[in-house]
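First up is the structure itself, then whatever we jot down about it.
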Amino acid sequence: MTTKLLMAVLIAGGTMAAGAAQAEGPGQRPDFGTLDADGDGALTPQELAAHHADRFAANDTNGDGGLSLEELTTAAVEKAAERAANILERRDENGDGLLQQAELGRRGGDGIERMFELVDADGDGAISVEEFDAMKAHRGRGHGRRGRG
């Protein structure tokens with residue numbers, strides 16, 4: 001029973017995360033010490049539920065017990081802005097505060113070439129409709145977050 005409750009809390013928390021404020025900062029996941037509210041070295045379902053309730057309450061800016069479209073949008077915009085700032089910080093190689101196309105292309109190798117290696121199943125140097133559809137189907141099978149590969 002405890003395992004089922006813990007899993008339910010974790011799943012519910014993951015679902016709420018898209019709209020919940022993060023007291024530990026946008027884009028950051030809480031560390032063990034943050035979740036272990038009583039500091040006993042163990043996480044309980046109650047501690048996880050309390051953490052998620054706190055995150056929910058932080059987004060429920062009008063205190064009505066529900067997250068409106070406006071509250072969800074505000075949280076999403078804040079999270080997107082934090083992600084964009086992180087991308088700029090990591091990728092802006094020349095420090096000009098802008099991302100040039102060349103800076104975006106350098107992510108562990110050329111992304112287009114890697115895509116072709118993965119998707120061009122017959123190795124003919126082109127992606128057919130069938131290969132493209134196979135890639136889309138593969139990405140939709142839960143690979144990555146929320147089905148995005």
Side-chain angles (χ1 to χ4, degrees), residues 1-119 121 127 131-149:
M1 176 66 177
T2 302
T3 303
K4 288 182 182 178
L5 179 60
L6 179 60
M7 290 304 296
V9 169
L10 290 173
I11 290 168
T15 303
M16 287 180 10
Q22 297 180 7
E24 55 278 345
Q28 297 178 353
R29 296 185 187 267
D31 62 12
F32 188 89
T34 299
L35 295 172
D36 183 18
D38 63 9
D40 69 353
L43 296 179
T44 65
Q46 294 80 12
E47 287 171 317
L48 293 175
H51 177 74
H52 289 294
D54 290 345
R55 290 175 62 192
F56 185 93
N59 266 345
D60 183 15
T61 56
N62 64 6
D64 69 354
L67 296 177
S68 67
L69 177 59
E70 182 180 339
E71 290 165 326
L72 290 170
T73 301
T74 298
V77 168
E78 289 172 1
K79 188 170 188 171
E82 178 69 23
R83 285 182 178 173
N86 288 337
I87 290 170
L88 184 63
E89 183 180 325
R90 283 192 326 267
R91 299 275 184 98
D92 184 17
E93 295 174 5
N94 64 6
D96 66 355
L98 302 170
L99 289 181
Q100 283 73 34
Q101 187 171 0
E103 291 170 324
L104 287 173
R106 295 183 201 135
R107 190 174 179 186
D110 183 37
I112 293 172
E113 288 179 16
R114 284 192 331 226
M115 181 187 72
F116 268 83
E117 289 173 10
L118 295 171
V119 178
I127 297 174
E131 291 166 332
F132 185 82
D133 289 343
M135 173 194 63
K136 283 179 27 181
H138 177 76
R139 290 179 63 159
R141 287 191 203 127
H143 294 76
R145 291 187 66 198
R146 295 184 190 96
R148 295 186 309 253

Margin query: Show the nearest heavy-atom pair for residues E103 and E93, with the distance to one decimal.
Written below: OE2-N, 3.0 Å
Check: Between I127 and M115, is any pair of side-chain heavy atoms under 4.5 Å apart?
Finding: yes
Check: Do you know the tightest heavy-atom contact between E71 and T61?
Finding: OE2-N, 2.9 Å
Check: So, do I87 and L99 sit near enough that their side-chain heavy atoms are less than 4.5 Å apart?
Finding: yes
Checklist line | Any donor-acceptor pair under 3.5 Å from D133 side chain to A137 backbone | finding: no
Notebook entry, point to check: Which pair of non-hydrogen atoms, one from D64 and one from D60, has the smallest distance, and what is that distance?
Noted result: OD1-OD1, 2.9 Å
Note to self: Main chain of D40, side chain of D36: is a donor-acceptor contact present, judged purely on distance under 3.5 Å?
What the structure shows: yes
Next item on the list: Please name the pair of heavy atoms, one in E47 and one in A42, separated by the smallest distance, quoted to 0.1 Å.
Entry: OE1-O, 2.9 Å
Item checked: Separation of L67 CG from T73 OG1 (nearest 0.5 Å) -> 11.0 Å
Note to self: Are the side chains of L43 and F32 in contact, using a 4.5 Å heavy-atom criterion?
What the structure shows: yes
Notebook entry, point to check: CD of E89 to CG of N86: how many Å apart, nearest 0.5 Å?
Noted result: 6.0 Å
Notebook entry, point to check: Side-chain contact, heavy-atom cut-off 4.5 Å: N62 with E70?
Noted result: no
Item checked: Shortest non-hydrogen contact between P30 and L35, atoms and distance -> CG-CD2, 3.8 Å
Item checked: V119 versus M135, closest heavy-atom pair with distance -> CG2-SD, 3.6 Å
Next item on the list: For residues L72 and T74, determine if any side-chain heavy atom of one lies less than 4.5 Å from a side-chain heavy atom of the other.
Entry: no
